[in-house]
Asker: 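Dumping the structure here so I can ask a few things about it.
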Protein chains: 2
Amino acid sequence: MSNAADPACLCGKCTSCVIFNRSVCHVASPEAMAQLNRISHIRKFARGTVIQGQGEASDIVGNIIEGVVKLSSASANGDDHIVGLLFPSDFFGRLFAEESRFAYEAVTDVTLCAMNKSGFERFLIDHPEVEHEMLKAKLDELDAVREWAAITNGHTTMQRVATLLFVFSLRSRNQRREPGDQSSNPVVHVPLSRRDIADYLGTTPETLSRNIQTLARAKVIRIINAKHFELLNASELVRHSGESREDLERIAAR
Amino acid sequence: MSNAADPACLCGKCTSCVIFNRSVCHVASPEAMAQLNRISHIRKFARGTVIQGQGEASDIVGNIIEGVVKLSSASANGDDHIVGLLFPSDFFGRLFAEESRFAYEAVTDVTLCAMNKSGFERFLIDHPEVEHEMLKAKLDELDAVREWAAITNGHTTMQRVATLLFVFSLRSRNQRREPGDQSSNPVVHVPLSRRDIADYLGTTPETLSRNIQTLARAKVIRIINAKHFELLNASELVRHSGESREDLERIAAR
DNA sequence: CCCGCACATTGATGTTCGTCAATGTCCAGG
DNA sequence: CCTGGACATTGACGAACATCAATGTGCGGG
């Protein structure tokens with residue numbers, strides 16, 4: 001830490017960061033990266049932890065190193081809706097606002113590259129090239145959120161379920177298999193509970209369960225356990241989603 | 001135009017722009033504003049014009065001076081969904097991407113302060129303070145889109161209809177009354193067709209119409225004509241929306 | 001001024017989905 | 001190993017909504 005002032009020395013954590021080249025950090029100059037090294041620190045949150053409550057003053061931002069975070073909004077009548085999911089390399093927190101409009105909750109155990117919000121805001125002002133990258137990331141995110149909204153809005157529950165499963169299958173393509181998995185089919189890992197999936201898709205756990213079972217009976221998927229599915233027939237799953245394969249690829253890529 | 005190089009001379013259109021202090025331009029320095037003056041030009045589009053098609057190369061960006069633009073996404077099965085509406089002072093177009101994910105269509109006659117996309121992108125790189133403002137605007141927009149997604153997702157059609165009407169009533173608060181309007185009640189102007197509203201709310205024109213008529217029969221609104229409604233009982237409308245008044249105010253403010 | 005067309009409304013009907021309730025399953029802790 | 005509790009599934013039913021079809025309304029062009 002004491003040698004962070006030397007731009008040439010990058011002995012900090014950023015150089016070995018697993019999400020480095022997918023996060024906004026990758027455009028930072030050596031000098032900027034040294035500064036990021038100084039103001040950031042790794043924090044871990046256990047599954048279920050509310051990292052930031054809805055409407056609370058937001059003081060921590062950063063990048064997700066590992067795990068999944070859900071962004072949810074509880075309305076007056078009590079039911080809450082998941083308006084977004086954050087994965088490794090996604091930016092966490094709400095910059096340039098007093099408080100966060102949404103709650104951030106760790107869906108799995110989460111590792112965060114955390115920074116003080118105002119500290120990072122000052123860093124961005126001093127480093128327009130990083131802020132530029134942040135803008136591009138947020139523009140992409142905006143498209144993705146709108147696209148997802150279009151899907152949840154106008155499709156049947158089955159189409160939404162199929163879409164989610166296929167998108168998650170693309171996302172977990174390169175992940176290691178479940179231990180003991182003998183088959184050559186892809187395994188889809190959905191780290192959310194049925195309730196969370198239902199909240200994300202705008203339905204109920206019951207209806208969701210029925211649709212999953214229907215897909216299983218149709219031999220499109222095989223239910224390994226509550227959070228793992230074997231993908232038996234990808235093209236059938238795409239057909240059930242009502243989307244073109246290209247659109248699904250794009251959604252998964254984000 | 002020839003004296004645009006003189007930073008002190010702001011004889012261009014920006015100084016008299018009606019949306020100036022609500023758009024990102026308002027943080028521009030005199031020098032930057034002179035440059036904006038040079039690269040921007042007013043363009044008008046008739047109601048119904050597709051300003052930019054879905055998936056088309058995007059070459060024009062800018063601010064909306066007057067009118068309403070809808071952002072829509074047509075899925076493979078043909079039905080399209082409105083994923084956003086743009087009002088005066090909103091930024092138009094998709095920066096830093098080859099093509100636009102969504103179609104932009106003029107819902108009313110539209111006046112645009114248009115700029116060449118790559119020209120404005122270069123401007124932003126040269127003027128980080130404006131890019132910073134753009135980032136803040138997009139972060140706000142992201143929250144607004146997520147919030148709207150939460151509303152359309154988890155509520156009944158009646159709640160969505162009531163929410164839309166109330167939000168539009170707040171937006172048109174300061175607009176002039178329809179000619180011949182004698183009452184002291186607020187008049188809500190919704191410049192969209194029934195089909196567009198239905199697409200925006202994720203329902204059908206038929207169901208939408210039934211809900212509007214139900215609100216009229218309950219004396220919550222009075223239907224002046226297809227696009228104008230007299231607001232008879234605001235608190236009842238809020239009750240039907242299922243949202244708190246504060247949330248609705250925030251959504252309308254954006 | 002009337003006609004025709006697009007748009008809005010209304011009606012009838014079937015399907016999907018949410019709700020309530022019961023049962024099944026998995027895992028952690030005693 | 002057994003037990004309790006959280007979570008997932010299944011069933012039965014009704015309400016909300018999409019769909020199809022017909023009718024009404026308003027507006028611009030001949």
Side-chain angles (χ1 to χ4, degrees), chain A residues 46-48 70 75 77-81 107-109 152-162 164-165 178-180 190-218 221-229 240 242, chain B residues 46-48 70 75 77-81 107-109 152-162 164-165 178-180 189-218 221-229 240-242:
Chain A
R47 176 173 175 274
K70 73 175 184 187
S75 59
N77 33 324
D79 50 27
D80 71 1
H81 282 272
V107 165
T108 63
D109 288 351
T152 51
N153 223 331
H155 296 53
T156 63
T157 302
M158 177 55 91
Q159 290 175 315
R160 292 178 242 174
V161 172
L164 180 124
L165 284 176
E178 277 299 283
V190 184
L192 309 175
S193 72
R194 291 286 186 273
R195 166 144 296 283
D196 281 342
I197 302 174
D199 284 346
Y200 191 42
L201 297 181
T203 182
T204 58
E206 293 94 329
T207 301
L208 171 63
S209 188
R210 281 183 243 275
N211 281 283
I212 291 175
Q213 299 299 327
T214 299
L215 286 175
R217 275 192 298 275
I221 57 172
R222 182 176 67 85
I223 302 169
I224 301 171
N225 58 49
K227 294 189 170 60
H228 292 86
F229 308 90
H240 276 94
Chain B
R47 175 172 176 278
K70 74 174 182 187
S75 57
N77 33 321
D79 50 29
D80 72 3
H81 282 270
V107 165
T108 64
D109 287 351
T152 49
N153 224 330
H155 296 54
T156 64
T157 302
M158 177 55 92
Q159 290 176 315
R160 292 178 242 174
V161 172
L164 181 124
L165 285 176
E178 279 298 283
H189 178 204
V190 184
L192 309 175
S193 73
R194 291 288 186 271
R195 165 144 297 281
D196 281 343
I197 303 174
D199 283 346
Y200 192 41
L201 298 181
T203 183
T204 59
E206 293 94 330
T207 301
L208 171 64
S209 188
R210 281 182 243 275
N211 280 283
I212 291 175
Q213 300 298 328
T214 300
L215 285 174
R217 274 193 299 275
I221 58 172
R222 183 175 67 85
I223 301 169
I224 301 170
N225 59 48
K227 292 189 172 59
H228 291 87
F229 308 90
H240 276 95
S241 79

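First the proteins, then the strands, lettered A, B, ... as listed; each starts at 1. As a basis for the values below, the full set of heavy atoms in this structure was taken, side chains included, without hydrogen atoms, waters or symmetry mates.
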Asker: Could you please spell out the steps behind the side-chain contact (heavy atoms from CB on, under 4.5 Å) verdict for A:Leu165 and A:His240?
Answerer: CA-CA 11 Å; A:Leu165 284 176; A:His240 276 94; over 6 Å; no
Asker: Hey, does A:Val107 have a side-chain heavy atom less than 4.5 Å from the side chain of A:Arg47?
Answerer: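 No - every pair of side-chain heavy atoms lies 4.5 Å or more apart.
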Asker: For B:Ala226, check side-chain contact (heavy atoms from CB on, under 4.5 Å) against everything at least two apart and list the hits.
Answerer: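 B:Ala226 satisfies side-chain contact (heavy atoms from CB on, under 4.5 Å) with B:Arg194 once adjacent residues are dropped.
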Asker: Need the bend value for the helix from C:dC1-D:dG30 to C:dG30-D:dC1: angle between end axes, 5 pairs each end, nearest 10°.
Answerer: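 Computed angle between terminal axes is 40°.
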Asker: Which residues satisfy the side-chain contact (heavy atoms from CB on, under 4.5 Å) test with B:Ala218, sequence neighbours excluded?
Answerer: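 Here the qualifying residues are B:Val220.
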Asker: Between P on D:dA6 and CG on A:Asp196, what's the gap in Å once rounded to a whole number?
Answerer: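 After rounding, the reported distance stands at 16 Å.
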Asker: At 4.0 Å (heavy atoms only), tell me whether B:Gly202 reaches a base, stays on the sugar-phosphate, or touches nothing.
Answerer: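 Sugar-phosphate contact only - B:Gly202 comes under 4.0 Å of backbone atoms but never of a base.
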Asker: Once each nucleotide of nucleotides 2-16 of chain C is scored for protein heavy atoms under 4.0 Å, what B/S/- sequence comes out, 5' to 3'?
Answerer: ------SSBBB----
Asker: Looking at A:Thr204, I'd like to know whether one of its side-chain N or O atoms comes within less than 4.0 Å of OP1 or OP2 on C:dC17.
Answerer: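 Result: no.
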Asker: Would you tabulate the side-chain donor-acceptor contacts of residues 197-208 of chain B under 3.5 Å, counting partners in other chains and residues two or more places apart, or write 'none'?
Answerer:
{"residue": "B:Thr204", "atom": "OG1", "partner": "B:Thr207", "partner atom": "N", "Å": "3.3"}
{"residue": "B:Thr204", "atom": "OG1", "partner": "B:Thr207", "partner atom": "OG1", "Å": "3.1"}

Asker: For B:Asp196, what residues pass the salt bridge (charged side-chain N to carboxylate O under 4.0 Å, His left out) criterion, not counting sequence neighbours?
Answerer: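 Result, salt bridge (charged side-chain N to carboxylate O under 4.0 Å, His left out) vs B:Asp196: B:Lys70.
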Asker: Go through the steps to decide whether B:Asn153 and A:His81 satisfy the test side-chain contact (heavy atoms from CB on, under 4.5 Å), and finish with yes or no.
Answerer: CA-CA 8 Å; B:Asn153 224 330; A:His81 282 272; 4.3 Å; yes
